[in-house]
Amino acid sequence: MNDLLFELPLPEFFDLGACLAYMNRSPLECLFRSDSKGVNRLFVLEGAPVLVRLTVAEDQPLRLKATLLAGVRPGAEAIADLARYIVEWFDLDRDLAPFYRIADVDPLLRPLAVSERGLRIIGIPDLFEALCWAILGQQVNLAFAYRLKQRLTAEYGESLEWEGHTYYHFPRPEVFLTVTQEELCSLQLTRNKARTVLEVAALIAGGGLSREELLALPTPEAAEQRLLKLRGIGPWTSQYVRMRCLRDTTAYPVGDVGLQNAVKFLTGMDRKPTPAELLEFAVPWHGWEAYATFYLWRALY
DNA sequence: TTCCAGGCTTAAC
DNA sequence: GTTAAGCATGGA
């Protein structure tokens, strides 16, 4: 079966290979499966699992092609929703020319702007998934964070078998309304993380928090303040969500150990930079701090 | 063994 | 308002 769902025009400065390289940084990733030419991901559309493959159609003009691998072909409205998700997943409607005008002459960013040309911030458009991924990643190494996400997803998410591989969809918040803290602790979440995941799930499931509501606030800082009110959500998590879910290019997680280590490595400092020093480095990046961070992370791999 | 991981909360000053 | 300890586990 090779059922075309839609094609999206690709902007200047888009390189699927560079994006896939980032997405492939852990073999433990459970929410999509990529190869050299594309990525497969399970979606739930109209309540039914749908396995979709994204590739680049090479004939001019370049287009991102979505094909249906498995599941029932969704209706036009669901397909339009999926297309919007893909645009946000790969940040396709962003003009990167201003970022490269900065990065190409920046001592820290220039090598990455060359080697990672066409990399876009890989988003986490679903707010619950983004919050959970950030919560799981607090203070632990990435490999362990991926294991926690895999356990949570395998236990509570939907799945679909296709050609010998199981594809998973991140659990919806409603699923956690009947889950206890002890159950999540048995997956090796700390009590704090388990509690935070359950409280965030209940809040989102009950309509007390949504991506739309955060985006409707007057500024990204206001969205950050809203998230900071939640127990278990601190500065790093709220800035991370601004960057990867709310698509705020000015988000700058100065407390991020990966960012600190990348700057330490690229500058040759004998210690990690302080948040104040990171803010100094970021002065020329004004407006593109999140993209700078995302590119700097690539220096670690 | 020790230290660090894409931190946050609580308690104590 | 700032600082220190506790959290839980895996990897180097």
Side-chain angles (χ1 to χ4, degrees), chain A residues 19 21-31 108-109 112 116 119-124 129-152 155 180-201 203 224-266 269-279 281-282 285 289-301:
Chain A
C19 294
Y22 168 82
M23 296 165 74
N24 275 325
R25 72 198 188 285
S26 173
L28 298 170
E29 175 61 62
C30 62
L31 295 182
L108 281 186
L109 296 180
L112 293 161
E116 304 293 325
L119 170 68
R120 285 164 183 268
I121 290 182
I122 305 303
I124 307 176
E129 182 191 324
L131 277 165
C132 284
W133 176 232
I135 292 160
L136 297 180
Q138 291 168 357
Q139 184 54 31
V140 298
N141 62 67
L142 269 180
F144 186 52
Y146 275 107
R147 287 189 194 287
L148 293 177
K149 183 170 82 164
Q150 191 276 330
R151 288 179 193 145
L152 203 63
E155 185 71 26
T180 65
Q181 187 175 11
E182 288 68 32
E183 289 176 70
L184 294 188
C185 288
S186 73
L187 303 180
Q188 293 182 295
L189 278 73
T190 63
R191 287 199 298 277
N192 248 334
K193 288 184 179 181
R195 184 184 65 191
T196 305
V197 166
L198 292 180
E199 289 181 352
V200 166
L203 191 60
E224 182 174 334
Q225 291 304 314
R226 170 72 185 96
L227 292 172
L228 283 173
K229 288 179 183 163
L230 308 179
R231 197 162 48 158
I233 306 296
W236 177 82
T237 303
S238 48
Q239 288 163 7
Y240 188 89
V241 168
R242 278 175 58 178
M243 173 180 173
R244 300 216 43 204
C245 181
L246 304 183
R247 307 180 67 214
D248 169 22
T249 61
T250 69
Y252 190 44
V254 290
D256 183 84
V257 175
L259 174 63
Q260 294 168 2
N261 281 331
V263 171
K264 175 188 173 188
F265 171 69
L266 292 171
M269 293 171 74
D270 60 355
R271 58 173 175 78
K272 285 183 290 194
T274 64
E277 289 169 329
L278 286 174
L279 288 171
F281 280 114
W285 309 338
E289 293 88 343
Y291 258 89
T293 300
F294 205 74
Y295 272 61
L296 287 168
W297 281 345
R298 297 300 294 146
L300 298 174
Y301 295 93

Chemist: Quick check with a 6.0 Å cut-off and a 45 degree axis cone: is A/R298 positioned over the face of A/Y295's six-membered ring?
Modeler: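 Checked: cation-pi criterion not met.
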Chemist: As a test of reading the structure: which of C/dG10, B/dT9, B/dA5 is closest to the side chain of A/R195, going by heavy atoms?
Modeler: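 From the listed options, B/dT9 comes nearest.
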Chemist: Quick check: does any side chain N or O of A/Y301 sit under 3.5 Å from a backbone N or O of A/Y22, one acting as donor and the other as acceptor?
Modeler: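 Checking the backbone N and O of A/Y22 against the side chain of A/Y301, no donor-acceptor pair under 3.5 Å is found.
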Chemist: Tell me: CH2 of A/W236 to P of B/dC8, nearest whole Å?
Modeler: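 Taking CH2 of A/W236 and P of B/dC8, I get 7 Å after rounding.
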Chemist: How many whole angstroms separate atom NZ of A/K193 from atom P of B/dC8?
Modeler: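 Checked: the NZ to P distance equals 10 Å.
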Chemist: Under 4.0 Å, heavy atoms only, any strand: does A/L189 hit a base, just the sugar-phosphate, or nothing?
Modeler: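 No contact.
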Chemist: A/F144 has a side chain; which of B/dT10, B/dC8, C/dG10 sits nearest to it?
Modeler: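 Nearest nucleotide to the side chain: C/dG10.
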Chemist: Suppose you measure atom C1' in C/dG11 against the same atom in B/dC8; what distance do you get, rounded to whole Å?
Modeler: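 Taking atom C1' in both C/dG11 and B/dC8, they lie 22 Å apart.
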Chemist: Ring-plane angle category for A/W285 and A/Y252, please: parallel below 30°, perpendicular beyond 60°, tilted otherwise.
Modeler: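 Because their plane-to-plane angle is over 60°, the rings of A/W285 and A/Y252 count as perpendicular.
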Chemist: For A/Q138, answer base if it contacts any base atom (sugar-phosphate contacts may also be present), sugar-phosphate if it contacts only those atoms, and nothing otherwise; contact means non-hydrogen atoms under 4.0 Å.
Modeler: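 If one applies the 4.0 Å heavy-atom cut-off, A/Q138 turns out to touch the sugar-phosphate alone, with no base involved.
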Chemist: A/K264 has an atom NZ; how far is it from atom P of B/dG6, in whole Å?
Modeler: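 It works out to 13 Å between those atoms.
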Chemist: So which heavy atom on A/T237 is nearest to which on A/Q138, and how close?
Modeler: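 Reported closest heavy-atom pair: OG1-NE2, 2.8 Å.
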Chemist: Would you state whether a donor and an acceptor, one from the side chain of A/R25 and one from the base of B/dG6, lie under 3.5 Å apart?
Modeler: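 Indeed, a donor on one side and an acceptor on the other fall under 3.5 Å apart.
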Chemist: Which ones in residues 247-257 of chain A lie close to DNA chain B, meaning a heavy atom under 4.0 Å from one of its atoms?
Modeler: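 A/G255, A/D256, A/V257 - these, ordered by number, are the residues of the stretch whose heavy atoms sit under 4.0 Å from the strand.
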Chemist: Between A/L228 and A/F294, which has a closest nucleotide on DNA chain B that is more 5'?
Modeler: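 Result of the comparison: A/F294.
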Chemist: Can you tell me the distance, in whole Å, between the CG atom of A/N141 and the P atom of B/dC4?
Modeler: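 Computing the A/N141:CG to B/dC4:P distance gives 14 Å.
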Chemist: Any N or O donor-acceptor pair linking the side chain of A/Q139 to the base of B/dA5 at under 3.5 Å?
Modeler: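 Result: at least one qualifying N/O pair found.
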Chemist: Donor-acceptor pair, distance only, cut-off 3.5 Å: does the side chain of A/R244 make one with the backbone of A/I122?
Modeler: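 Between the backbone of A/I122 and the side chain of A/R244 there is a qualifying donor-acceptor contact (under 3.5 Å).
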Chemist: Measure from CG on A/L259 to P on B/dG7 and round the result to the nearest Å.
Modeler: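 The answer, rounded to whole Å, is 11 Å.
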Chemist: According to a strict under-4.0 Å criterion, is A/N261 in side-chain N/O contact with OP1 or OP2 of B/dA5?
Modeler: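 So the side chain of A/N261 is within the cut-off, an N or O lying under 4.0 Å from OP1 or OP2 of B/dA5.
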Chemist: Please state whether the phosphate of C/dG11, meaning OP1 or OP2, lies under 4.0 angstrom from any side-chain nitrogen or oxygen of A/R147.
Modeler: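 Affirmative; the distance criterion is met.
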Chemist: Which whole-number value in Å describes the distance from A/R231 CZ to C/dC7 C1'?
Modeler: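 Computing the A/R231:CZ to C/dC7:C1' distance gives 15 Å.
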Chemist: Taking all atoms of both residues into account, what is the closest heavy-atom pair of A/V263 and A/L278, and its distance?
Modeler: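 Residues A/V263 and A/L278, closest heavy atoms: CG2-CD2, 3.7 Å.
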Chemist: Hey, is the main chain of A/S26 close enough, under 3.5 Å, to the side chain of A/E29 for a donor-acceptor pair?
Modeler: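 Side chain of A/E29 to backbone of A/S26, a donor-acceptor pair under 3.5 Å: no, none is there.
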Chemist: Pick base, sugar-phosphate or nothing for A/T237, based on heavy-atom distances below 4.0 Å to the nucleic acid.
Modeler: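 It contacts sugar-phosphate atoms only.
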Chemist: Choosing from C/dA8, B/dT10, B/dC8, which nucleotide comes nearest the side chain of A/T190?
Modeler: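 The answer is C/dA8, which lies nearest to the side chain.
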Chemist: Given the C1' atoms of C/dC7 and B/dA5, what is the spacing between them in whole Å?
Modeler: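 Taking atom C1' in both C/dC7 and B/dA5, they lie 14 Å apart.
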Chemist: From OH of A/Y146 over to C1' of C/dG10, roughly how many Å is that when rounded to an integer?
Modeler: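 Rounded to whole Å, this separation is 16 Å.
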Chemist: What distance, rounded to whole Å, do you find between the two C1' atoms, one in C/dT9 and one in B/dT1?
Modeler: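 Pairwise C1' distance, C/dT9 against B/dT1, rounds to 16 Å.
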Chemist: Suppose you measure atom C1' in C/dG10 against the same atom in B/dT9; what distance do you get, rounded to whole Å?
Modeler: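 Those two atoms are separated by 22 Å.
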Chemist: Please name the pair of heavy atoms, one in A/A145 and one in A/L136, separated by the smallest distance, quoted to 0.1 Å.
Modeler: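 In this case the closest contact between A/A145 and A/L136 is CB-O, 4.0 Å.
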Chemist: Please report the distance separating the P of B/dC3 from the corresponding atom of C/dG6, rounded so that it comes out in whole Å.
Modeler: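 The same atom, P, in both gives a distance of 15 Å.
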Chemist: For the side chain of A/Y240, starting at C-beta, report the closest nucleotide among B/dG6, C/dT9, B/dA5.
Modeler: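 My answer, after comparing the listed nucleotides, is B/dG6.
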Chemist: In this structure, how many angstroms lie between the C1' atom of B/dG6 and the CH2 atom of A/W133, rounded?
Modeler: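 So the CH2-C1' distance, A/W133 to B/dG6, works out to 9 Å.
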Chemist: Counting distance only, does the side-chain N/O of A/Q188 pair as donor-acceptor with the main-chain N or O of A/F144 below 3.5 Å?
Modeler: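 No, the answer is negative, given that no donor and acceptor are paired below the 3.5 Å cut-off.
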Chemist: Which part of the nucleic acid, if any, lies within contact of A/L230, taking any heavy atom under 4.0 Å across all strands shown: a base, the sugar-phosphate backbone alone, or nothing?
Modeler: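 Counting heavy atoms under 4.0 Å across all strands, the contact made by A/L230 is with sugar-phosphate only.
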Chemist: When the P atoms of C/dA5 and B/dC4 are considered, how many whole Å apart are they?
Modeler: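 Their P atoms lie roughly 15 Å apart.
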